[in-house]
Amino acid sequence: MSEPLLLGVRHHGPGSARAVRRALAAFQPGIVLIEGPPEADPLVPIAGDEDMRAPVALLAYPADNPDPKLRASFWPFAEFSPEWQAIRWAVAREVPVRFIDLPAAVRLAVRTPAAPTPADDAVRVDPIGALAEAAGYDDPERWWEDVVEHRLDEASPDVDELRAAAAPFAAIAEAMTVVRAHAPEPPEAERVDEERREAHMRVALRAALKEHERVAVICGAWHVPALTAPLPSASADAAVLKGLSKVKVSMTWVPWTHARLASWQGYGAGVRSPGWYHHLFTAVDRHVIERWLVKAAGVLRKDGVPVSSAHVIEATRLAEALATMRGRPLAGLAEVTDAAHAVLCEGDDLRLGLINRRLVVGDRLGRVPDKTPSVPISRDVASSQRRLRLPPKVERRELRLDLRQTFDLERSRLLHRLRLLGVEWGKVLAGAKGKGTFREEWEIAWQPEFEVDLIEAGAYGTTVLEAATARVAEQAAAAELLADVTALVERCLLADLPAALPGVLDALDERMALDADVAHLMDALPALARTLRYGDVRGTDLSSLRSVTFGMITRICVGLPAVVGGLDDTAAAVMRDRIDGVQGALALVDDADAGARWQAVLGGLSTRDDLHGLLAGRTSRLLLDAGTVDAEEIGVRMALVLTVGVPVARAAAWIEGFLAGDGLLLVHDERLLGLVDTWLTGIPAEAFVEVLPLLRRTFSGYPAPQRRMIGERAATIGTTGGRRRGEPEDLIDPDRGALLLPVVTKLLGKELHVTG
């Protein structure tokens, strides 16, 4: 057997990728062996499809009992990955390709949920990075270019092309032998895993050498010494691999992103600057630095930062000068970053961060052709994305939907159904404008991991509608709390799952019958009210849900008075929020009879002596807002609670409950403002410290304009002849005063007269 060509590479290294292509072109192998799962061999031809665009990843998952969130594994490839370039080179020339790493069937069988995926532990040590660091480089790609590529370019024309192309790989193999000899012993589990992987690589190598005369192997540089002759015996490798457990797996290609290649995203074999590496690999000429800085200027201009051609020219000169000062033949990422920071960004770290996010890392998303094998539900999602013009893009963007339009309504249904399946493609912007019934605003961003979520969802059905319906039924049966079921009712309606709704309503009715806790009913009501309101828009028949909802309102009205007495501060605050929730729910339901029953309950609670001050104030405010009591009555109640005989803490709690909101009540009702001002200025100094935190918490919730207006109005109190502004001048009634004169005369012992 002839000796194989061993090409030890740095995973995702553009220099390695160029060197691999050059070596393959010179060697012209009969077969190419690549580090990766053998189950992916049938997928190799798809890599040559014209619709395939890196970054992409091989995805392996158990076929019989998919549990991808715990067990799925990825093998990512970028345009600048040596393995990807080897695949593309071989497919274009109809050269067979085989993956030779340990099968995914074995790896998934022996892994536990806490264990790393093959993508995580593909390279525990970056050997090329270690050599670069030893040589004084902070960028392994700069080291590769200086030590390898420049020497290739400067090779003598008398040197054989294959010899010149293979020379750097031979040097790397020699260096790796030394590095491995002095590397610390890994933990037992890692050592065993590495032995199995390299044993399988040797088994595959021996088989290929028997079939082909010229064999090329592309693998991580770390593994080259293990594949170099003399090899261990075939029987020794067979013993290492004997008896390994396996599971049935399925594999496919999925799109990937540059951000997921970044090392800080949890991918052990990742790189810190995939966007920079892509630029290095795809640059068509020697003007790498100039073109990069032009791109950086474009990023800043797009964000409104004025950057001229003169800036780019000066930044280029600075990058080259820095490379010369640092003893490097060419400027690297460190030099262009420093130059961009100083010249283009004018020292602004935020602008530099923008360049790093959009350019150094980037948001490039790959693409796979339609013929790529996938689970049926993934094909259904892809079809819906095309039909609804929602391409899966990695960048975040807002989506405004008008639910009165059929097209937008279908978009909303798709997003809600995917959320039920755990595919968080979009999230509703709750604080956005247009929160009315007919509008939704979303923020959407597609992530490659959603392919895994879809595989898991495929266990529930072959389409999104079918899977979401089955998933909702399962969740309804498993829900233990009433609030969980009511939230599910709302989500079921938003996703438009009519087949699932009867089962969910049955579960709701059952949980409500068994739950006697009024607090649970209050927590559940808002979701049901929102569901009824959305039902009006989406055209869903919700007559059964309406009867359940109004039954819940009746139970709340009956049970609430018995659970609000004697609450402490914490419990009162929680109950206040629940009362507000019921109030908002009844506003959505908009039923006169239900509203009247609720107002009657609040009226009875507001005057109870055993009610916490926070709740007494809040119920009085809700009655005022509903018009059940008028401002004069509220003024009497406030005057009573703010008298000297009432504990300061209770008065402060009452004020907090009553005034919570946006502050407009105090802005427009000077009488109430005067009462609060009089009480506040009359608080003794020792009690003021106790009251201040409650007051600050209340007023800090007001918007700034309201706080300013309240302050301006408070400043005018008492400035008009001792009277509050707007108050009538004559406050004395002579006839009523005359009735008191006989008694007061006897008490004082002298004659008194009433004057106007």
Side-chain angles (χ1 to χ4, degrees), residues 420 430 471-495 497 500-535 542-591 593-606 608 610-612 614-616 618-619 622 657 660:
L420 279 169
R471 178 63 176 145
V472 165
E474 180 184 79
Q475 291 176 332
E480 297 181 358
L481 299 179
L482 179 62
D484 294 337
V485 183
T486 53
L488 202 58
V489 172
E490 181 180 20
R491 299 186 67 184
C492 184
L493 177 68
L494 295 175
L497 304 176
L501 190 58
V504 176
L505 290 178
D506 289 343
L508 173 63
D509 198 30
E510 179 183 349
R511 300 299 188 282
M512 193 174 70
L514 297 175
D515 198 332
D517 193 328
V518 175
H520 291 171
L521 298 176
M522 297 176 75
D523 290 337
L525 183 62
L528 294 183
R530 290 192 300 267
T531 302
L532 288 175
R533 174 58 64 91
Y534 270 100
L542 296 176
S543 55
S544 57
L545 177 60
R546 186 174 297 275
S547 63
V548 171
T549 302
F550 284 104
M552 183 178 292
I553 293 172
T554 300
R555 292 183 60 184
I556 291 173
C557 291
V558 172
L560 182 60
V563 300
V564 295
L567 300 180
D568 60 16
D569 293 344
T570 303
V574 174
M575 182 57 69
R576 185 266 315 269
D577 294 339
R578 286 177 172 142
I579 290 175
D580 284 347
V582 173
Q583 179 78 11
L586 287 168
L588 290 176
V589 171
D590 193 20
D591 182 87
D593 292 339
R597 287 200 304 272
W598 175 245
Q599 293 300 315
V601 172
L602 294 183
L605 295 178
S606 64
R608 278 175 47 172
D610 65 335
L611 196 66
H612 192 281
L614 186 68
L615 299 180
R618 193 60 189 161
T619 53
L622 295 178

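- Partners of Gln475 according to the side-chain hydrogen bond (donor to acceptor under 3.5 Å, both in side chains) rule, which considers only residues two or more places apart in sequence or in another chain, do not exist here.
- When atom types are taken as modelled, the side chain of Arg511 and the backbone of Leu482 share no donor-acceptor pair closer than 3.5 angstrom.
- Here Glu510 pairs with nothing under the side-chain hydrogen bond (donor to acceptor under 3.5 Å, both in side chains) rule; sequence neighbours left out.
- Expressed to the nearest 0.5 Å, how far CG of Leu521 lies from CG of Leu525 amounts to 8.5 Å.
- With rounding to the nearest 0.5 Å, the separation of CD1 in Ile556 from NE2 in His520 is 12.0 Å.
- For Ser606 against Ala616, the heavy-atom pair with the smallest separation is O-CB, 4.2 Å.
- In terms of heavy-atom proximity, Pro526 sits nearest to Gly581 at CG-O, 3.8 Å.
- Contact check for Arg471 versus Glu474: side-chain heavy atoms found under the 4.5 Å cut-off.
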N/O donor-acceptor pairs under 3.5 Å from side chains in residues 559-571, not counting sequence neighbours:
| residue | atom | partner | partner atom | Å |
| --- | --- | --- | --- | --- |
| Asp568 | OD1 | Thr570 | N | 3.4 |
| Asp568 | OD1 | Ala571 | N | 2.8 |
| Asp569 | OD1 | His612 | NE2 | 2.7 |

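- Across all their heavy atoms, Arg597 and Phe550 have their closest contact at NH2-O, 4.4 Å.
- Residues that satisfy the side-chain hydrogen bond (donor to acceptor under 3.5 Å, both in side chains) test with Arg491, not counting sequence neighbours, are absent from this structure.
- We find the OG1-CD1 distance between Thr619 and Ile579 to be 7.0 Å, quoted to the nearest 0.5 Å.
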After noting the C-alpha distance and the side-chain angles of Leu420 and Val472, does the key distance pass the side-chain contact (heavy atoms from CB on, under 4.5 Å) rule?
CA-CA 7 Å; Leu420 279 169; Val472 165; 3.6 Å; yes

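- For the side-chain hydrogen bond (donor to acceptor under 3.5 Å, both in side chains) test, residues two or more places apart in sequence or in another chain that qualify with Asp610 are Arg608.
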Leu505 vs Leu508, side-chain contact (heavy atoms from CB on, under 4.5 Å): CA-CA, chis, key distance, verdict
CA-CA 5 Å; Leu505 290 178; Leu508 173 63; 4.3 Å; yes

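- Remark: Met522 CE to Met552 CE distance equals 12.0 Å, nearest 0.5 Å.
- Here Met575 contributes atom CE and Leu605 contributes atom CG; the two are 9.5 Å apart, rounded to the nearest 0.5 Å.
- Nearest heavy-atom pair across Leu586 and Ala594 is CD2-CB, 4.0 Å.
- Between Leu488 and Ala476, the closest heavy-atom pair is CD2-N, 3.3 Å.
- The list of salt bridge (charged side-chain N to carboxylate O under 4.0 Å, His left out) pairs with a residue in residues 518-528, not counting sequence neighbours, reads Asp523-Arg578.
- Annotation for Leu615 and Ala572: closest pair CD2-O, 3.5 Å, computed over non-hydrogen atoms.
- Side-chain contact check for Val582 versus Ile553: every heavy-atom pair is 4.5 Å or farther apart.
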